[in-house]
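Report on one structure; see the data block that follows.
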Amino acid sequence: MTLVEKILSKKVGYNVYEGDSIEVEVDLAMTHDGTTPLAYKALKEMSDSVWNPDKIVVAFDHNVPANTVKAAEMQKLALEFVKRFGIKKFHKGGEGICHQILAENYVFPNMFVAGGDSHTCTHGAFGAFATGFGATDMAYIYATGETWIKVPKTIRVDIVGKNENISAKDIVLRVCKEIGRRGATYMAIEYGGEVVKNMDMDGRLTLCNMAIEMGGKTGVIEADEITYNYLKKERNLGDEEIAKLKKERITVNREKESYYKEIEIDITDMEEQIAVPHHPDNVKPVSEVEGIEIDQVFIGSCTNGRLSDLREAAKYLKGREVHKDVKLIIIPASKKVFMQALKEGLIDIFVKAGAMICPPGCGPCLGAHQGVLAEGEVCLSTTNRNFRGRMGHINSYIYLASPKVAAISAIKGYITNKLD
Ligand SMILES: CC(C)[C@H](C(=O)O)[C@@H](O)C(=O)O
Ligand code: SF4
């Protein structure tokens, strides 16, 4: 059985296999300032209550602080939902991107996580089953605590080799190229191999985050010592709680499982990767696009706004200046990341270098505010989507890359992975 088959079997209490339609109880449900109002409106049609206010997370991240009257009205309505049903896991604007908040506080291995956002797949990094739902489905979940799902097929991706220059973002872009934007439609992408085994949680979250860019239902990685150590450190879990999680641990037997497809990627001789306009699977080694002039660089988002990403960017920006023609926007993915970055002096490095720091949230990722692109402008971004017009004008251009390539390019004024 594949990892998702095992997780879902454990959830329902009997063995389930790809293609089975199952009803499941949701362990954790989430909507943000964009989707809470829609779910709330739909919920009102079906119920006067929510199934369990303690299992619901509402985070304001997409449009914070509100930049239009419409955004403000939506947040007002979402707040009404929060107050009416006594949602305590409420995170107001500035606390962070919903997915980062979930990762820092609420997701555990083996959970079934339902989010009103397509990048909910991120949380498969904990060995959970996590996927995005539309607002009406979220309303049904809020009303009943249940949903149904068809058990997805699995593509197994093993990452092997050794290469200090390569980050999780380069790897996932390379996987996008391999699988293609429709290649994993309604499937799970199960990551493993020696590189993933040694990867920290920040990197694993980046890998799983982009499963949806291949049409995937979710990305997933088995929970291991790295997962448990993260939970110990970030969530202050005690030995007893960790022991309990370990007892429930679900593992994959790589040799025995049968997958829909198996892919192995050796990173040893791989270059940094970059997705060129206008699709995330339109991926090339950086040398093939080197020299393209850029107007803006964005370092942040649920893909690459974590502490390790900011540390990586700071390595290159320290003591240097952002190119005079480039706007560099940096947004920590959460308040926790922001405060740690302040403590470590990273924010100091960024501001000195000439970057603009915006409050934790999605920022310019989806083109709503804080760095909208003009006609013809080129942006190099650490986000997950480079669809035409996503960050502004329909004739603007988005390239996706790692924090390292983003930072170096911001200094040079053109796309490159080389400082000198
Ligand atoms: C606005 C929201 C529903 C959307 C999503 O679901 O992914 C956004 O987060 C995005 O990244 O495009
Ligand atoms: S950071 Fe971007 S991709 Fe992530 S949830 Fe926000 S808008 Fe969506």
Side-chain angles (χ1 to χ4, degrees), residues 29-40 42 57-64 66-68 70-71 74-75 78 91 93-104 113-123 125 130-139 169 172 176 181 202 205-219 275 278-280 298-306 309-310 329-334 337-338 358-373 379 381-392 398 400 403 406:
M30 178 277 294
T31 46
H32 50 64
D33 52 330
T35 49
T36 306
L38 305 171
Y40 183 29
V57 181
V58 174
F60 286 5
D61 56 358
H62 278 64
N63 263 294
V64 290
N67 59 323
T68 60
K70 195 173 164 231
M74 281 177 75
Q75 286 168 34
H91 297 265
E95 289 189 34
I97 303 169
C98 58
H99 304 305
Q100 187 59 19
I101 284 170
L102 250 53
E104 286 172 5
V113 183
D117 189 278
S118 65
H119 292 103
T120 307
C121 54
T122 306
H123 308 293
T131 194
F133 287 89
T136 331
D137 286 320
M138 286 312 298
K169 181 59 165 292
V172 74
C176 282
R181 58 184 177 269
D202 280 11
L205 288 159
T206 303
L207 285 188
C208 293
N209 175 270
M210 288 190 71
I212 186 70
E213 308 324 327
M214 296 164 259
K217 196 79 186 147
T218 194
H278 294 286
H279 288 285
F298 172 42
I299 300 175
S301 86
C302 58
T303 317
N304 279 130
R306 285 175 273 276
D309 301 313
L310 301 189
I329 300 163
I330 301 183
I331 308 189
S334 70
V337 171
F338 197 178
C358 296
C362 301
C365 176
L366 80 167
H369 61 164
Q370 297 170 343
V372 175
L373 301 175
C379 177
S381 178
T382 66
T383 53
N384 46 40
R385 288 182 174 156
N386 58 347
F387 305 151
R388 181 185 277 276
R390 177 167 166 97
M391 292 177 82
I398 308 164
L400 307 176

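Order of listing sets the numbers, starting from 1, for every ligand and every atom in it.
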For Asp117, the ligand 1 atoms whose distance to one of its heavy atoms is below 4.0 Å: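 The atoms of ligand 1 under 4.0 Å from a heavy atom of Asp117 are 2 (C), 4 (C), 5 (C), 6 (O), 7 (O), 8 (C), 9 (O).
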
Arg385: numbered ligand 1 atoms lying under 4.0 Å from its heavy atoms: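 In order of numbering, the contacting atoms are 7 (O), 10 (C), 11 (O), 12 (O).
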
Residue of the set Asn304, Thr383, Thr303 for which side chain to side chain donor-acceptor pair (under 3.5 Å) holds with Asn209: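 The option that passes is Thr303.
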
Which protein heavy atom lies closest to [atom], and at what distance to 0.1 Å?
atom: atom 2 (Fe) of ligand 2; answer: Cys365 SG, 2.3 Å
atom: atom 1 (S) of ligand 2; answer: Cys302 N, 3.5 Å
atom: atom 7 (S) of ligand 2; answer: His62 NE2, 3.5 Å

Under 3.5 Å: N/O of His62 near N/O of ligand 1: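 Yes, since at least one N or O of His62 sits under 3.5 Å from an N or O of ligand 1.
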
Given that the side chain starts at C-beta and the backbone is N, CA, C, O, which of these parts of [X] lies under 4.0 Å from ligand 2, counting heavy atoms, or is it both or neither?
X: Asn384; answer: side chain
X: Arg390; answer: side chain
X: His99; answer: side chain
X: Asp117; answer: side chain

Side chain, backbone, both or neither: Arg390 near ligand 1, heavy atoms under 4.0 Å: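 Arg390 to ligand 1: side-chain contact only, backbone stays beyond 4.0 Å.
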
Atoms of ligand 2, numbered as shown, that sit under 4.0 Å from any heavy atom of His119: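 Reading through ligand 2 atom by atom, the close ones are 3 (S), 8 (Fe).
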
